[in-house]
There are 2 protein chains.
Amino acid sequence: MTKKQLIMEKSIELFASQGFDATSVQQITEHCGISKGAFYLSFKSKDELILALIDHFMMETVSSIDCLVTNANDKEKLLYDFYYLCFDSVNQHSESALIFIKEQTHHLNDKLISKMHYYNQLIEKSILSIIEYVYGDTAQYTKYDLVYCIQGFIKTYMELFFFYNLPADFDTLCKSLVEKTNVLARHTTIPFLSQNLIEMIKQPLNTGIAKEQIIQMIEQDIDEIEESIEKESLILLKEELKEPSLNRALIKGLLENIRHQVQCKSTYYVLRSYFDFD
Amino acid sequence: MTKKQLIMEKSIELFASQGFDATSVQQITEHCGISKGAFYLSFKSKDELILALIDHFMMETVSSIDCLVTNANDKEKLLYDFYYLCFDSVNQHSESALIFIKEQTHHLNDKLISKMHYYNQLIEKSILSIIEYVYGDTAQYTKYDLVYCIQGFIKTYMELFFFYNLPADFDTLCKSLVEKTNVLARHTTIPFLSQNLIEMIKQPLNTGIAKEQIIQMIEQDIDEIEESIEKESLILLKEELKEPSLNRALIKGLLENIRHQVQCKSTYYVLRSYFDFD
DNA sequence: TATAATAATGACTAATTGGTCACGTGTCAA
DNA sequence: TTGACACGTGACCAATTAGTCATTATTATA
């Protein structure tokens, strides 16, 4: 494990329990058993650390969702799987999720805002795909509202698990939510969110994940993987990022090579989005 | 206006735009045109200030809702009115609401947590009343889920207004939400939240509003009101709080006296809850 | 006007913070 | 053994903070 990873893992615990502002770099380094100087060898600043944490968590989440939606083949199950994935992944990374929730509204700086915006839009896009796939024209006029209702369900029930340690019967919960969603999709007639409103919201869809960062992701994967076609593909993709030279077919091929490599699932979906193979 | 009120009003602006941690007492006093010492004459600490702000905002909100529910007489309109009130009051006190949202998850200290818990429970109780009143047995088994769905709707659409400055067509929004709620109430069959789960959550329903604070509210009302039966009733109620001596009928009478005095609407509902006249 | 009481001031303190940097320490190849 | 190099250290710095308190200004009272 690199020092960077160590710092990230250990700092998650502190940030989750005390919040970002209330955790000093001193505390982090003590908790890692390293010196203050060593911290600044891995991260340029404290802000860079939390940005990295949030990126890591959101990248994972977003790409899992993306993966689910892209490979969907069962209309009945997709929505259930989606809900389950949301609760399950937040449950498994509850500390990261807590940081995310805590700092989301705290707008440390502009970078964080646009990051959040970016990830939110990705998730909304996925939810919309699900709705269009599952309900088709049935929800034609109310689909944007449905997106927000689904997010509302998730957010509200999520908090229940965060604030009170409810026994996590995710199966019942998700079945219950699927039913609610079905009912809304089939019986609501009064939309609030129109295409127009949605367009207004979408405007500042700028800053995605920086190329730099994707390169870092790839490098991390390369470190973790043994000599193989997959590894070589990753190396070539990294080169392509640094200096584009291959045509789209070759890139697509390289992506296919790493598609089923579990370790780099996130990377695959991030790259897929970066090279615009949606 | 007392110095305390001045500080509260001015600090809301700063907290809303920068957050609590990022706003120094220095800044607040400069923005008020007073000295640092003067600040500490009104508030024992910076924490006490934000606690007061959140109390003020939540007391107002909760009592408006309580008022609406208590005086309901039109099943068709109640839910609409409730939604409208929520959006409208948050819209009108958007800065306070923003502070509330920002600091809600930041758990400054235990006092804040239990305060939030307390207010949340009051609101949930009101929503449950609405559901029971509007749907009766129809939503018998899913009413607790409905409470959380309603909260989810509000939270999610609220954020839309906060993060993007959407044109606020609250009327359409509320009609749309009422329809969604109706649909859920009539067609859902799979509950997730049972009576049992709800009981688990309710456990730490301790610390309400401190008696001290209610007294301060009353004193503020007394200052603002001219000589009248209402003023005298307030004075007597204040005495009763400090040293209980009257029987419940008399107290109830005093409460009735101030019931329709607009300036002390919050106080009325807080007192009603304190003396347990629900 | 004189005196007491209250309100308000702002320089000050003590503590904490994020971030730096001159100085080890261990590990290579030559 | 030497020297080069990266890795790592923790004392230190400048800036900022919440909160205090001796002093001054203002007001009310006699």
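Treat the numbers as computed from the prediction; the structure is a model and nothing was measured. In what follows, chains are A, B, ... by sequence order, proteins preceding strands, each numbered from 1.
Side-chain proximity of B:Leu41 to the nucleotides C:dA7, C:dG10, D:dG10 is greatest for C:dA7.
DNA chain C is contacted by both B:Lys3 and A:Ala22; B:Lys3 maps to the nucleotide lying nearer its 5′ end (nearest heavy atom per residue).
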Could you pull out every donor-acceptor pair under 3.5 Å between side chains of residues 229-237 of chain B and any protein atom, sequence neighbours left out?
residue  : atom : partner  : partner atom : Å
B:Glu230 : OE1  : B:Ser228 : OG           : 3.3
B:Lys231 : NZ   : B:Ile222 : O            : 3.4
B:Lys231 : NZ   : B:Ile225 : O            : 3.2
B:Ser233 : OG   : B:Ile229 : O            : 2.9
B:Ser233 : OG   : B:Asn257 : ND2          : 3.1

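Regarding B:Glu30, its CD atom lies at a distance of 14 Å from the C1' atom of C:dA11, rounded to whole Å. What separates CG of B:Leu49 from P of D:dG19 is a distance of 11 Å, to the nearest Å.
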Enumerate the protein-to-nucleotides 18-21 of chain C contacts in which both atoms are nitrogen or oxygen and the separation is below 3.5 Å.
residue : atom : partner : partner atom : Å
C:dG18  : OP1  : A:Lys46 : NZ           : 2.7
C:dG18  : OP2  : A:Val25 : N            : 3.0
C:dG18  : N7   : A:Lys36 : NZ           : 3.0
C:dG19  : OP2  : A:Tyr40 : OH           : 3.0
C:dG19  : OP2  : A:Lys46 : N            : 2.9
C:dG19  : N7   : A:Lys36 : NZ           : 3.0
C:dG19  : O6   : A:Lys36 : NZ           : 2.5

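Considering B:Val90, B:Ile12, B:Leu53 as possible partners of B:Ser96, the one that fulfils the side chain to side chain contact (heavy atoms under 4.5 Å, CB included) test is B:Ile12.
For B:Thr156 and A:Gln151, the side-chain atoms include no donor-acceptor pair closer than 3.5 Å.
Across all strands, B:Ile34 comes closer than 4.0 Å only to sugar-phosphate atoms, never to a base (heavy-atom distances).
Between the CD atom of A:Gln121 and the NZ atom of A:Lys125 there is a distance of 9.5 Å, given to the nearest 0.5 Å.
In terms of heavy atoms, B:Phe162 sits closest to B:Ala97 at CZ-CB, 3.7 Å.
Between the side chain of A:Lys10 and the main chain of A:Gly33, no donor-acceptor pair closer than 3.5 Å is present.
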